[in-house]
> 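Sharing a structure, written as structure tokens. Questions coming.
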Amino acid sequence: MIITKDPAQFLLAEYAQLKAEILKRSEFQHQLISIALVALGALVSVGLKESPIAVLAYPMLALFLSALWIYNDGQIAQLGIYIQYRIEENLIGEGLGWEHAIKADPASPIIGKRIRIATRGILIGSELMAIGLYAATKQDLATKQGIRLSSLATSLSKGEMVLLVVDLVVIFVTFWILRHQHLREKMKEAIQRGRSESPPAVWCR
């Protein structure tokens, strides 16, 4: 463990740790998407062959994965804002550094928006797909059993109806969780407000 009173060395060490944390959380976000797709495939393979109701468990799993994804996204935004305003400005000046450059790039908001759309599409789309596959499977089973399409709803058990309603609520909550809340703008305002309220820093020379 290295102890130093040099502010520049401290900021450089902190910068390295925070960038590593951003990379780790970004990789974890990709793993969450992979887990969601693998889980959907597993539940569909079981549901289509043995128990269709198993597919209805997926939206609830996707909800928790979405909450983890957006939590890490907020942490990444928080780390980036801290690096931008607390480290880069103190080390190399305002307007310089990767975080300043990426925020100033006109393409960054477009890329970020597309990432959010892709994430919503995968997580929410897979939830809707699970319900659609369940309905299609039940319809196919009903057709094989000679049940008319108009009376398919009556063939669902009380438990299946409850799960369907819960899943629809879960999909709405997932969309609410994944909506863009302008996290970076709020964090930037909070940091700038804190800087204006706090006394100027005293640097060792």
Side-chain angles (χ1 to χ4, degrees), residues 1-40 60-127 173-204:
M1 180 177 179
I2 299 176
I3 300 177
T4 178
K5 294 184 179 180
D6 185 350
Q9 290 185 12
F10 172 80
L11 291 177
L12 285 172
E14 187 177 44
Y15 176 84
Q17 291 295 324
L18 295 182
K19 292 298 288 186
E21 180 71 13
I22 289 176
L23 179 60
K24 181 177 69 175
R25 291 187 178 275
S26 180
E27 291 174 347
F28 185 58
Q29 284 183 307
H30 292 297
Q31 292 174 5
L32 291 173
I33 298 297
S34 299
I35 291 172
L37 296 178
V38 170
L40 177 63
M60 287 174 275
L61 173 63
L63 171 62
F64 294 111
L65 293 177
S66 300
L68 284 173
W69 193 95
I70 201 66
Y71 168 75
N72 281 276
D73 193 56
Q75 290 292 300
I76 290 172
Q78 189 176 27
L79 292 168
I81 290 294
Y82 181 87
I83 290 173
Q84 180 180 1
Y85 289 97
R86 296 292 178 86
I87 297 181
E88 290 182 346
E89 286 191 3
N90 287 326
L91 280 178
I92 54 179
E94 185 175 356
L96 300 175
W98 167 252
E99 292 295 334
H100 280 84
I102 199 68
K103 304 303 185 303
D105 189 347
S108 294
I110 299 175
I111 295 173
K113 184 176 181 179
R114 289 178 178 176
I115 292 174
R116 289 188 295 272
I117 290 174
T119 303
R120 290 175 185 170
I122 292 173
L123 294 172
I124 299 176
S126 59
E127 289 177 326
V173 175
T174 303
F175 177 81
W176 181 81
I177 287 175
L178 291 175
R179 78 192 194 283
H180 183 39
Q181 297 179 309
H182 303 287
L183 292 173
R184 289 187 179 275
E185 288 80 1
K186 293 180 180 179
M187 293 174 186
K188 177 180 176 181
E189 292 174 1
I191 286 181
Q192 290 178 330
R193 184 168 56 251
R195 291 167 62 195
S196 63
E197 294 174 354
S198 60
V202 178
W203 295 91
C204 299

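Note that this is a predicted model, so its numbers are computed, not measured. Start at 1 with the first residue, then count along the sequence.
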> Verify, without hydrogens or angle tests, whether Arg179 (side chain) and Trp176 (backbone) share a donor-acceptor contact under 3.5 angstrom.
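Yes; at least one donor-acceptor contact below 3.5 Å.
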
> Which residue pairs pass the side-chain hydrogen bond (donor to acceptor under 3.5 Å, both in side chains) test with at least one member in residues 60-72, sequence neighbours excluded?
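Sorted pair list: Arg25-Asn72.
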
> Which pair of heavy atoms, one from Ala36 and one from Leu123, lies closest together, and at what distance?
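Where Ala36 meets Leu123 most closely, the heavy atoms are CB-CD2, 3.9 Å.
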
> Taking side chain to side chain contact (heavy atoms under 4.5 Å, CB included) as the definition, give me every residue that meets it alongside Ile122, ordered by chain and number, with sequence neighbours left out.
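Side chain to side chain contact (heavy atoms under 4.5 Å, CB included) list for Ile122, sorted by chain: Ile33, Leu37.
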
> Roughly how far, to the nearest 0.5 Å, is the CD1 atom of Ile70 from the CG atom of Leu32?
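Going from CG on Leu32 over to CD1 on Ile70, the span is 11.5 Å.
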
> How long is the straight-line distance from CZ of Arg120 back to CD of Glu127, given to the nearest 0.5 Å?
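The CD atom of Glu127 sits 13.0 Å away from the CZ atom of Arg120.
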
> Of all residues at least two apart in sequence or in a different chain, which pass the salt bridge (Lys or Arg N to Asp or Glu O under 4.0 Å) check with Lys113?
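For Lys113, no residue satisfies salt bridge (Lys or Arg N to Asp or Glu O under 4.0 Å) once neighbours in sequence are set aside.
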
> Nearest heavy-atom pair of Leu40 and Ser126: which atoms, and what distance?
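Result for this residue pair: CD2-CB, 3.7 Å.
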
> Using the side-chain hydrogen bond (donor to acceptor under 3.5 Å, both in side chains) criterion, which residues pair with Thr119? Sequence neighbours excluded.
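side-chain hydrogen bond (donor to acceptor under 3.5 Å, both in side chains) check on Thr119 returns nothing, list empty.
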
> Please, which pairs that meet side-chain hydrogen bond (donor to acceptor under 3.5 Å, both in side chains) have at least one residue in residues 27-37, sequence neighbours excluded?
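Sorted pair list comes back empty.
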
> At what distance, to the nearest 0.5 angstrom, does OG1 of Thr174 lie from CG of Leu63?
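It is 4.0 Å, given to the nearest 0.5 Å.
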
> Please report the shortest heavy-atom distance between Arg86 and Leu11, naming the atom on each side.
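That would be O-CD2, 4.0 Å.
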
> Distance check, rounded to the nearest 0.5 Å: Phe10 atom CZ versus Ile87 atom CD1?
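Going from CZ on Phe10 over to CD1 on Ile87, the span is 8.0 Å.
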
> Can you find a pair of side-chain heavy atoms, one from Ile115 and one from Asp73, that are under 4.5 Å apart?
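No. Closest side-chain heavy atoms not under 4.5 Å.
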
> Only one of Glu14, Gln78, Lys19 passes side chain to side chain contact (heavy atoms under 4.5 Å, CB included) with Ile83; say which it is.
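Filter result, single survivor: Lys19.
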
